[in-house]
4 protein chains.
Amino acid sequence: MAYEIESLNSKKSKKRADLTKAAIKTFAQKGFHRTKISDIAKKAKVADGTVYLYFENKDDLLIKCFEEMLTDLMEKADQRLQAIEDPLEKMLNFIDLHIDYCEKNRDAAKLIIIELRQSPEFYEKYPDFWPIKNYLNYLTKLCKEAIDAGRIREVDPDLLTTIIFGSLDFSITAWLLSKSTIDLKRIRNGVADILHKGLIGDTNNEKND
Amino acid sequence: MAYEIESLNSKKSKKRADLTKAAIKTFAQKGFHRTKISDIAKKAKVADGTVYLYFENKDDLLIKCFEEMLTDLMEKADQRLQAIEDPLEKMLNFIDLHIDYCEKNRDAAKLIIIELRQSPEFYEKYPDFWPIKNYLNYLTKLCKEAIDAGRIREVDPDLLTTIIFGSLDFSITAWLLSKSTIDLKRIRNGVADILHKGLIGDTNNEKND
Amino acid sequence: MAYEIESLNSKKSKKRADLTKAAIKTFAQKGFHRTKISDIAKKAKVADGTVYLYFENKDDLLIKCFEEMLTDLMEKADQRLQAIEDPLEKMLNFIDLHIDYCEKNRDAAKLIIIELRQSPEFYEKYPDFWPIKNYLNYLTKLCKEAIDAGRIREVDPDLLTTIIFGSLDFSITAWLLSKSTIDLKRIRNGVADILHKGLIGDTNNEKND
Amino acid sequence: MAYEIESLNSKKSKKRADLTKAAIKTFAQKGFHRTKISDIAKKAKVADGTVYLYFENKDDLLIKCFEEMLTDLMEKADQRLQAIEDPLEKMLNFIDLHIDYCEKNRDAAKLIIIELRQSPEFYEKYPDFWPIKNYLNYLTKLCKEAIDAGRIREVDPDLLTTIIFGSLDFSITAWLLSKSTIDLKRIRNGVADILHKGLIGDTNNEKND
DNA sequence: AATGAATGAGATTTCATTCAT
DNA sequence: GATGAATGAAATCTCATTCAT
C-alpha cells in the first residue's frame, strides 16, 4: 500500500518534473507569450488538460519554472560553498556558479534573464511577484559575511548585491543576444577585477576622490 | 504658403508625437501585450485606424517609442556634457542623467528597463533588435575617453559599460518594483563609490589579492 | 471498444459534414466574402473556434466544399453510368445528372457556377486551384469513349468537353439568375439537339430526332 | 465660353476615362476584393477622394467598367458587321470579334469572364445586375437573323445564344487560367465546326438516334 | 473640383481553459 | 487521474468612405 502510494507520488512528481522541464525549454525558446500550453503538453507527452492538473494556469506554470530553477541553483550553491571557508571566496564562487549555470543551461538563463522581467502584467496580477528575491537574499547574505569578516570593506550589502547581480545579469544578456560569441569567463574575471580593485589605478589610489 | 506647409507638417508631427507619448505611457503602465491599440488611440484622442497612418503596426510603435526615448536621452546628454571638461566627470554625469531621467519619467524608465528585454519574439522577428545599442555605445565612448585621459585605469571599456549599465539598470528595476521607496540618489552614490574605489578597503589594500 | 472508436469517428465526421453542409448553404446564399465564419458556425451549431478544428481557414473551407460537391457528383455518376452500355448514352446521362443535381441543389449549383470563378485571389494564392479539373476530366473521358466507339464523329475531346460544360454552365447561370423561371429540362434537350445535329441541315431535319 | 465648358467637360471625362481604365486593369489583375480604391486612384494619378466625384462607390465603379467594356465591344461590332451581308457570316464574325478582343485585352477578358460572376452580393444588392444582358441581346439578334434568313436551321435563338456564349466563355476561362498557352483561334474554329455540323459524322448520320 | 488625413466598423483567427468521458 | 474536443472572448489591422480645407 505504502509502496503503491509512493509509486504514485513519484509517478506524479515525475510528470510534474517533465512538465516543468518542457516548459522551461519552450518558454526559453519561444518566449512566454508565443508558447502555447499545447506546445508544452506535446513536448511532455501529455494531454493539454493534464497540465491543469499540476498547475493552476499558464502564469502559475511560469512562476513554478522560476522557482524550480532558482531553488535548483541555490541547492547547487549550498553544496559547492559548503567546503569553502573564506567568505570572499564563497561570494566569488557564487558568481562563478551563476555564470556556469547560465552557460550550461542557456534555456534557463534566457528565462531568468529575459522572461523574468517580462511582465508588468505579472507585477500587476501578483503584487509580490519577484521570484528572484530569495536568490538575491542568498547573495546578500554572502556579501554580508564577507564584509563582517573584513574581507571586503564596509559597503551596503544590498547595494553590493544589486551591483553584482546587475553586472552579471546584463553581461549574460549581452552574451545571449550575441549568440554566445562572447567569452563569459573573461567577463567574469573582468567584473571581479573591477569590483575588487575599483577603477582607479594603484598608484592613483591615494590621490583621487 | 510656406506657413501652411509648415503648419501641416507640424500638425502631422504633433499627432505623431502625441501617439508616441500615449504609447509610452500605456505600454509602461500595462505592459506591451496588455496594451490594446485602441487604448493608445483613445489616450491620444484619435481613431484606432489613425495609429496605422503613423506606424506600421504595434511592434513598430514599440520600437519607435524606444528610439524616441533613447534619442531624447542622448540629446540631453550632448547638451549637458558639452560644458564639462574632465572625461571622468562626463562619465559620472552621464550616469546622473540616466538616473534623473528615469526618476522623472517613470513610464519611460519602465519601458527601457522592463519592456526592452521583453521580447524574444522581437529578437526573432527583427534580428537586429537591440535598440539600446547606440546608447551603450555612447557610454562606451565616455569610458574610453576617461581611460585614455588616465582618469581611470586601463580596463576593457566594453566590459566597464556593461558593469555600469547593468548596475544602474538593475538598481532602477528594484526601484521600480519597490514602488520608488528606495532612494535612487543614494544608490547612484553607492555605485559610483564601489566602482571607483573597489571593494577593498584602503587599509586592506596591501594584504589582499 | 471498436464500437466506441467508430462512434467517435462518426461523431467527428458528422460534425465535419455538418460544417460543410452549413458552409455550402451559407456561401451559396451570401457569397464567399459576405459569409462570416460565425454565420457558418451558428448554422452548424458549434462555436466559432470549432470550425478551425476541422478546416485550416476560410479559404480551405471553401475549397473543401468544392471537393465535397464534385466528388459527390462523380460518385453519383459512377453509380448511374455503370448500368449504361452505350458510350453516347453515358455522356448524355452525365449531362442529365449535372442538370438534375443543380436543379435539386440550388445552393451547390450556385457555388459551382458562381463562386468557383470568383477568386482570382484563389488562383494567385493556390496556383493549382481549379477544383473542377477532375470533374472535367471525367467528362472528357466519356467524350473520348463515345468518339472511340464511333458514336460521335472525330472531334477534339477536350474541346468538346469545354463546349458541353460551357453551355451547361452558362445555361445554369442564366437559370439561377432568372430565379429558376426557365425550364432546365428544355434547355438540356436543346443543347443536346444542337450539339448533336449541328446548326445546319434543313434537309436532315426531317430524318432525325 | 462654350469652348471652356467643352474643355472642362473633356477634361472631366478624360479623368473619368483614366479612372475606368485604371480600374479595369487593377480589378483584372488583383480581383475586385483585393483592389483598393487607393490602388486605382494612384494608377490614375488622382487623390482617393476624387474617385468619389465620378463614381458613387466601389461597386458602381465595377459596374461602370463592365458597361464601358461591353459598350465598346458592341460599337466595334457595329462597325465590323456593317459591311457584311450574310447573317451567318455576321454571327461568326461576332464570335471572332469577341475572341480577338479577349485575346488583345487580357485584362478586360478577365473582368468579363471572372469578375462578372463575382458577386452574389451584387445580385442581392442590385437585383437587375446582369451587365452582359445587352451584349447577349446583340448576339441573340444576330442568331435570329441567321435563322430567319434560313442560314441556320430553326432553333431557339435564346438557347443558341446561351450555347455560343457559354462555349466561348468557358474556353476563354480555360485559356486565361492556362496562362494563354492554348490557341484561342483553334478553339474558335473547333467551336464553329461542332456547332455547325454537329457531332454526328456524315456517314453515321443515318444510323444514329 | 480636388485633396488626402482621418475615421471606425468589422471579421478572422488564436489559444487558455473547461469538462464530459 | 488523464484526455482532447469544444469553447468563445478578445484584438489587430484594413480600407471604403467622408469632409474640412
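Predicted, not measured: the structure shown is a model, and the values here were computed from it. Chain letters run A, B, ... following the sequence lines, proteins first, then strands; residues in each count from 1.
Taking a pair as Watson-Crick or G-U with both hydrogen-bonding distances under 3.5 Å, the stems of three or more pairs touching DNA chain F are E:2-21 with F:2-21.
Side chain of B/T71 to main chain of B/E67: a donor-acceptor pair is present (N/O by atom type, distance under 3.5 Å, no hydrogens or angles). A side-chain donor-acceptor contact under 3.5 Å links D/T26 to the backbone of D/A22.
Atom P of nucleotide F/dC13 and atom CG of B/D60 are separated by 10 Å, given to the nearest angstrom. Going from atom CG of B/D39 over to atom C1' of F/dT12 covers 13 Å, rounded to whole Å. Put simply, CD1 on A/I40 is 8 Å from P on E/dA16, counting in whole angstrom units. If you take CG of A/L53 and P of F/dG4, they are 13 Å apart, rounded to a whole angstrom. For D/K45 and E/dT3, the NZ to C1' distance is 17 Å, given to the nearest whole Å. The CG atom of A/N57 sits 17 Å away from the P atom of E/dC15 (whole-angstrom rounding). As a whole-Å value, the separation of A/K14 NZ from F/dG1 P is 16 Å. Taking atom NZ of D/K42 as the reference point, atom C1' of E/dT3 lies 15 Å away to the nearest angstrom.
Here C/Y52 does not reach the OP1 or OP2 of E/dC15: none of its side-chain N or O atoms lies under 4.0 Å away. For A/K15 and F/dA2, the shortest distance from a side-chain N or O to OP1 or OP2 is below 4.0 Å.
A heavy-atom distance below 4.5 Å is found between the side chains of D/I40 and D/F27. A/I112 places a side-chain heavy atom less than 4.5 Å from the side chain of A/L70. Residues B/Y54 and B/T20 fail the side-chain proximity criterion, which asks for heavy atoms closer than 4.5 Å. At a threshold of 4.5 Å between non-hydrogen side-chain atoms, the residues A/D107 and A/K110 do not count as touching.
Residue A/D18 forms a side chain to side chain donor-acceptor pair (under 3.5 Å) with just one option from A/K14, A/K21, A/K15, and that option is A/K14.
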Go through the steps for B/F66 and B/F129 under the test side chain to side chain contact (heavy atoms under 4.5 Å, CB included), then give the verdict.
CA-CA 11 Å; B/F66 285 136; B/F129 179 71; 3.9 Å; yes
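When distances run from any side-chain atom of A/Y54 to the nucleotides E/dA1, F/dT7, F/dA2, the shortest one goes to F/dA2.
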Show each protein N/O and nucleotides 8-11 of chain F N/O combination with a separation under 3.5 Å, one pair to a line.
unit_1: F/dG8; atom_1: N7; unit_2: C/G49; atom_2: N; d: 3.3

Donor-acceptor contacts under 3.5 Å from residues 55-65 of chain C side chains, at least two apart:
unit_1: C/N57; atom_1: OD1; unit_2: C/D59; atom_2: N; d: 3.3
unit_1: C/N57; atom_1: OD1; unit_2: C/D60; atom_2: N; d: 2.9
unit_1: C/K58; atom_1: NZ; unit_2: C/F32; atom_2: O; d: 3.1
unit_1: C/K58; atom_1: NZ; unit_2: C/T35; atom_2: O; d: 2.8
unit_1: C/D59; atom_1: OD2; unit_2: C/K125; atom_2: NZ; d: 2.5
unit_1: C/D59; atom_1: OD2; unit_2: C/Y126; atom_2: OH; d: 2.7
unit_1: C/D60; atom_1: OD1; unit_2: C/K64; atom_2: NZ; d: 2.5
unit_1: C/D60; atom_1: OD2; unit_2: C/E56; atom_2: N; d: 2.9
unit_1: C/D60; atom_1: OD2; unit_2: C/K64; atom_2: NZ; d: 3.3

